[in-house]
Amino acid sequence: MRTVIYGGACSLDGFLAGPDGAIDWLHFSADVQAEMTKSFARADALVFGRKTWDTAVASGGGGAMPGVKGYVCSRTLTSLPDGSGVELVTGDAAGFVRDLKQRPGKDILIMSGGSLARSLLAVGVIDEIGLNVHPVLLGSGVPAFLDCGTRVPLALKEARTLDGGCVLVTYRVGPLNART
């Protein structure tokens, strides 16, 4: 079965972006780029939340990548631009990802703020959380996690430092029946 991985770069206080989507605080070093390259090489599916998709498109990304199928989960969009190379998912995102997970393939990366992640964590679809924690306190912005209504047990898989004072942490998500 495929592994569903949620994560990204975040501030020490748990924000993926600052107020108004600011990402000027992100540190992109050679080792960060190497980690991103490894993650994308192990995946063949990217599932975007709608706001993250909008941000990716605005910054010149968000399109199809060779060997990687893209999906955008949205309750508000009715279509995507022609030639975007991604598929729009308007129904139950958790059910869609659960079904995608059962199909043959490589890892599934969740590219989202806390809203999509909350729905996926609540039903036990996410297997792993990987964060590149940056040495900055933003105080507010786009949270990496929102209350999913249940405690989510985690087991540390990896922790190591990266250039710029960043810490890469990877956790396995515990089984749904272990949650209280």
Side-chain angles (χ1 to χ4, degrees), residues 1-23 25-26 35-36 39-40 42-43 45-56 62 69-77 86-103 105-134 136-159 166-180:
M1 186 179 318
R2 299 164 84 172
T3 300
V4 178
I5 303 167
Y6 170 66
C10 72
S11 62
L12 183 59
D13 54 351
F15 294 101
L16 298 169
D20 300 321
I23 58 170
W25 51 274
L26 289 174
E35 286 303 317
M36 290 173 62
S39 292
F40 283 103
R42 291 189 304 258
L46 292 175
V47 179
F48 291 90
R50 198 254 323 142
K51 292 177 188 173
T52 303
W53 166 256
D54 289 344
T55 300
K69 176 72 176 156
Y71 304 92
V72 178
C73 296
S74 175
R75 293 181 300 265
T76 58
L77 293 176
V86 297
E87 181 179 319
L88 180 61
V89 177
T90 59
D92 172 31
F96 172 78
V97 173
R98 182 180 290 120
D99 179 61
L100 189 61
K101 186 175 177 176
Q102 300 301 319
R103 299 178 200 167
K106 297 161 71 175
D107 291 349
I108 301 165
L109 301 179
I110 307 299
M111 308 293 280
S112 167
S115 295
L116 178 59
R118 170 182 42 201
S119 69
L120 300 178
L121 282 166
V123 297
V125 176
I126 294 177
D127 302 302
E128 210 169 274
I129 297 171
L131 299 170
N132 177 4
V133 182
H134 284 56
V136 62
L137 300 173
L138 296 177
S140 64
V142 178
F145 300 98
L146 297 171
D147 182 6
C148 66
T150 186
R151 184 178 296 171
V152 178
L154 304 172
L156 183 64
K157 182 176 172 183
E158 177 185 22
C166 298
V167 178
L168 179 68
V169 292
T170 306
Y171 293 94
R172 293 288 302 163
V173 177
L176 191 59
N177 61 3
R179 299 178 186 187
T180 58

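These figures come from a predicted structure and were not determined experimentally.
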Legend entry - Test item: Arg2 side-chain N/O and Lys106 main-chain N/O as donor-acceptor pair under 3.5 Å: yes
Legend entry - Stepwise side-chain contact (heavy atoms from CB on, under 4.5 Å) check, His134 with Cys166: CA-CA 5 Å; His134 284 56; Cys166 298; 3.7 Å; yes
Got a list of side-chain donor-acceptor pairs under 3.5 Å for residues 109-132, not counting sequence neighbours?
from, atom 1, to, atom 2, distance (Å)
Ser119, OG, Leu116, O, 2.8
Asp127, OD1, Lys101, NZ, 2.7
Asp127, OD2, Val4, N, 2.8
Asp127, OD2, Lys101, NZ, 3.1
Glu128, OE1, Lys157, NZ, 2.9
Glu128, OE1, Arg172, NH1, 3.2

Legend entry - Spatial distance of atom CG (Leu16) from atom OG (Ser11) [nearest 0.5 Å]: 8.0 Å
Legend entry - Check: Tyr6 and Val173 side chains under 4.5 Å, non-hydrogen atoms: no
Legend entry - Exam field: side chain Asp13 to backbone Leu137, donor-acceptor pair closer than 3.5 Å: no
Legend entry - Non-hydrogen side-chain atoms of Val142 and Phe15 separated by less than 4.5 Å: no
Legend entry - Spacing of Phe40 atom CZ and Arg42 atom CZ [to the nearest 0.5 Å]: 11.0 Å
Legend entry - Closest heavy-atom pair and its distance - Leu88, Ser74: CD1-CB, 4.1 Å
Inset, instruction - Answer yes or no: does atom CG of Asp20 have more than 12 heavy-atom neighbours from other residues, nucleotides or ligands under 6.0 Å? - result: no
Inset, instruction - Decide yes or no on side-chain contact (heavy atoms from CB on, under 4.5 Å) for Asp54 and Phe48, but give the supporting numbers first. - result: CA-CA 9 Å; Asp54 289 344; Phe48 291 90; over 6 Å; no
Inset, instruction - Give a yes or no on this: more than 12 heavy atoms of other residues, nucleotides or ligands lie within 6.0 Å of atom CZ of Arg103. - result: yes
Legend entry - From CD1 (Ile108) to NZ (Lys69), nearest 0.5 Å: 13.5 Å
Inset, instruction - Check whether any side-chain heavy atom of Val86 lies under 4.5 Å from a side-chain heavy atom of Trp53, and answer yes or no. - result: yes
